[in-house]
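Here's the structure, in structure tokens; my notes come after.
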Number of protein chains: 2
Amino acid sequence: MATIRDVARAAEVSVATVSAVVNDSAYVSPALRARVLDAVRELGFAPSQVARNLRRGRSDLVAIVVADLANPFYGRVVCAAEAAVAGWGYSLVVCNSDENPDAEKRILARLRMLHCEGLILVPVSNALPAAARETEGRRTPMVLFGRAFDDNRLDAVTIDNFAAAQQATNYLIDLGHSRIGAINGPLHVSTGRARMEGMQAALAAKGLALDSRFVRPGEFREDVAYSAARSLLGQPDRPTALYVANGLMALGVMRAISDLGLRCPEDLSVASTDNIPGVRGLKPVLTRTEHPIVDMVNEAVRLLVDRIKNARDEEGRTVVFPSSLVVGDSCAPWKAG
Amino acid sequence: MATIRDVARAAEVSVATVSAVVNDSAYVSPALRARVLDAVRELGFAPSQVARNLRRGRSDLVAIVVADLANPFYGRVVCAAEAAVAGWGYSLVVCNSDENPDAEKRILARLRMLHCEGLILVPVSNALPAAARETEGRRTPMVLFGRAFDDNRLDAVTIDNFAAAQQATNYLIDLGHSRIGAINGPLHVSTGRARMEGMQAALAAKGLALDSRFVRPGEFREDVAYSAARSLLGQPDRPTALYVANGLMALGVMRAISDLGLRCPEDLSVASTDNIPGVRGLKPVLTRTEHPIVDMVNEAVRLLVDRIKNARDEEGRTVVFPSSLVVGDSCAPWKAG
DNA sequence: TGCCGTCAGCTAATCGTTTCGCCAGCCACA
DNA sequence: TGTGGCTGGCGAAACGATTAGCTGACGGCA
């Protein structure tokens, strides 16, 4: 690979001049400029980002660490993030912590060495790994995405999970259901907990209680939701409606319903939160709350870039996006019997 | 951020000693070693990858450029690639060309500057952009994934698209169908073309012809497939069975079928190729050919790493994975009427 | 005691850029 | 013509690591 020195020699100018031409960072006379550009073309010179980054102290790299890349939801997030950071001239490094705190810790350590300029993090749990916290002084700008925890120095972009669950639950209540069950997400994750609390709040507001027999804790995974739904719905005494904590789980639940020979919505109404590509293909069309993923990611990247450019140490900003209920035909009014 | 010099000063040793301790690259007496490690901990020192890479001439970065990150199929590919390259100590840079040749060209130029050590490419079309081809001398190792074109210097990992389409089509033929239609992928892409050719070959082998009225060209997109299916199936004279070129398109086709009030498989049998997460949730369960994505990605990364480590200039290797037919209940025997 | 081999640890060159500070030449003004 | 400001272009010092090559102390052997 040709270096800037090779170009300088070929064009019979100094390396400083080559640099000036390549970066348009200073006026260079047309004659020299032409010589330099010829040499660049001749040698196929492309400046080494590595050297450039070392010198400039930047890397033009932004990283995103998601909690579960196998979940199509995060596939969409990564897709949107790639487009958003590319628009600002960054490349995107993608990492997957796979809901594993140790893996998350290792990844953050590795990224620190990579000198990424910014980091979008979908945290595995309620706190940063100790290693990341104890980093004093200048730390890399970071935005929490989707899941948040209270660290008032960090920016965060989330949806109103509490309200989303409330919306979906209210919809079921308004249809006349009172025996409402839930396939929950993990309660140690902010989204999982908030969605369960939102559901409980909605029930409580109408004087209904959440029957613990109708609730299954879970993980944000299709297979786990499938088993949970089978065990919950397999018993003779079962709810008439179900709130499912996310889209991936909803796929599992719908599969379980079909495998059990139940009909949706005749035997059971189902509502869920969050939209993933596969949910659109479900029959019946799922009633769910949706999030503006692309807008959310754009906002996260905006916040991140702002922090990278203006490295001020102001308080963390939290942007909460509203969710909207999309009515499908997976819910029916409650009928006695 | 503390540098190796800060650590050396704090531990009262030379930078060479610090480097030796940090990298375990030479014997250092226990006493000094302890002093160094203390200083490292004290200062929170992490060696700068950027400087290290400049010196070593490596970047520990592998890039993947996919043609459509919004397609969950590539979401799975990226997920598997992330895991695979992480196992080799690399970080993964993800780029999305969005089926756009210009974007692909820009991305490849940017990656060249990033000094990625290797590249997994799902090409947009049948050839490398000129810019990438004309790069003489040492080029970055590259493996084509999924889609290939004949450049006998490049490694490639693909499935046997021809056979996959043949398999699915034969299945439909064996059920007694003769009026078989197709929602195709783009024909300028190797996978799209090979699948159509496989289908035609299967029909021809049984003495059947592909009725051009029953064929819709397309793009690998859900919405495009939806429209194509609506227009194809909306006419009174329609096929009794349909081969759909990929999973994302199958989602669109199934949605169209349902919106048209048709029943699958009673009114129409559907078979497709490739597996994406959302397809599992479809009802009826889709009959399709599946690919071992994870194995394929692992193989691609293995080939890539091999080329990175042993930069020999031998011929490109092509690994073709077989696909397997997974029978669901989206196909029924043909009944006159 | 003197010589030599061994080896822990240090000094300094190097990777490929950017960029600060300097120099020389030119023009303008007095 | 002398002086001073302006500016195109250059030389060389960073950036932060790795590593080749050197130094000096120490122990063993004659």
Side-chain angles (χ1 to χ4, degrees), chain A residues 1-37 39-40 43-61 89 109-110 112-117 137-138 140, chain B residues 1-40 43-61 89 110 112-117 137-138 140:
Chain A
M1 193 75 133
T3 76
I4 199 174
R5 241 175 285 269
D6 300 327
V7 176
R9 203 173 309 124
E12 299 181 293
V13 297
S14 75
V15 292
T17 303
V18 177
S19 178
V21 170
V22 168
N23 298 303
D24 250 350
S25 55
Y27 178 80
V28 175
S29 71
L32 284 202
R33 158 174 290 269
R35 289 222 310 270
V36 169
L37 290 178
V40 165
L43 298 169
F45 168 74
S48 153
Q49 279 296 347
V50 180
R52 175 177 280 182
N53 291 339
L54 173 60
R55 174 61 224 217
R56 300 216 269 221
R58 335 202 271 97
S59 67
D60 288 340
L61 245 34
R110 201 174 67 206
R112 204 156 85 81
M113 299 181 26
L114 250 186
H115 280 214
C116 287
E117 294 187 51
R138 287 246 48 69
T140 63
Chain B
M1 194 73 132
T3 77
I4 200 174
R5 243 174 281 270
D6 298 328
V7 175
R9 204 173 311 125
E12 299 181 293
V13 296
S14 73
V15 292
T17 304
V18 176
S19 177
V21 170
V22 170
N23 298 304
D24 251 349
S25 56
Y27 179 79
V28 175
S29 71
L32 282 202
R33 160 175 287 269
R35 290 224 307 270
V36 169
L37 289 178
D38 278 352
V40 164
L43 298 169
F45 168 74
S48 153
Q49 279 296 347
V50 180
R52 174 177 282 180
N53 292 341
L54 172 59
R55 175 61 223 227
R56 299 217 267 222
R58 338 203 268 95
S59 68
D60 288 340
L61 245 33
R110 202 174 65 207
R112 203 156 85 83
M113 298 181 33
L114 250 185
H115 280 214
C116 286
E117 294 186 50
R138 286 246 50 67
T140 63

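Below, read A as the first sequence line, B as the second, and so on, with proteins coming before strands; counting in each chain starts at 1.
Taking both residues in full, the closest heavy atoms of B/L114 and A/V50 are given as O-CG2, 4.3 Å, listed atom of the first, atom of the second, then distance. Closest non-hydrogen pair, B/V22 versus B/V40, comes out as CG2-CG2, 4.5 Å. Closest non-hydrogen pair, A/A8 versus A/S14, comes out as CB-C, 3.8 Å.
Place A/L54 and B/V13 on DNA chain C by their nearest nucleotides, and B/V13 ends up nearer the 5' end. Nucleotides of DNA chain D nearest to A/S29 and B/R52 differ in position, and the one nearer the 5' end is that of A/S29. Mapped onto DNA chain C by nearest heavy atom, B/L32 and B/A51 fall at different nucleotides, with B/L32 at the one closer to the 5' end. Between B/S48 and A/T17, it is A/T17 whose nearest contact on DNA chain D lies nearer the 5' terminus.
Side chain of B/R58 to backbone of B/E117: no donor-acceptor contact under 3.5 angstrom is found. Between the side chain of A/S59 and the main chain of A/H115, a donor-acceptor pair closer than 3.5 Å is present.
In this structure, B/N23 reaches the D/dT18 phosphate: one of its side-chain N or O atoms is under 4.0 Å from OP1 or OP2. Considering only side-chain N and O atoms, A/R55 lies nowhere under 4.0 angstrom from the phosphate OP1 or OP2 of D/dA14.
A/T3 comes within contact range of the sugar-phosphate backbone alone, with a heavy-atom separation under 4.0 Å but no base atom that close.
For B/R58 and D/dA17, the CZ to P distance is 16 Å, given to the nearest whole Å. Computed from coordinates, the B/I4 CD1 to D/dT19 C1' distance equals 11 Å when rounded to whole Å. Summarising the geometry, the separation between OH on A/Y27 and P on D/dC6 is reported as 18 Å, rounded to the nearest angstrom. Taking atom CZ of B/R56 as the reference point, atom C1' of D/dA20 lies 16 Å away to the nearest angstrom. Distance, B/D24 CG to D/dT18 P: 12 Å, rounded to whole Å. Rounded to whole Å, the distance from CG on A/L114 to C1' on D/dA17 is 15 Å.
Here the range on DNA chain C touched by chain A, meaning any atom under 4.0 Å from one of its heavy atoms, is C/dG16 to C/dT19.
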Determine whether A/V36 and A/V28 satisfy the following criterion, side chain to side chain contact (heavy atoms under 4.5 Å, CB included), listing intermediate values before the conclusion.
CA-CA 10 Å; A/V36 169; A/V28 175; 5.8 Å; no
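A salt bridge links A/D6 with A/R9; the closest basic N to acidic carboxylate O contact falls under 4.0 Å.
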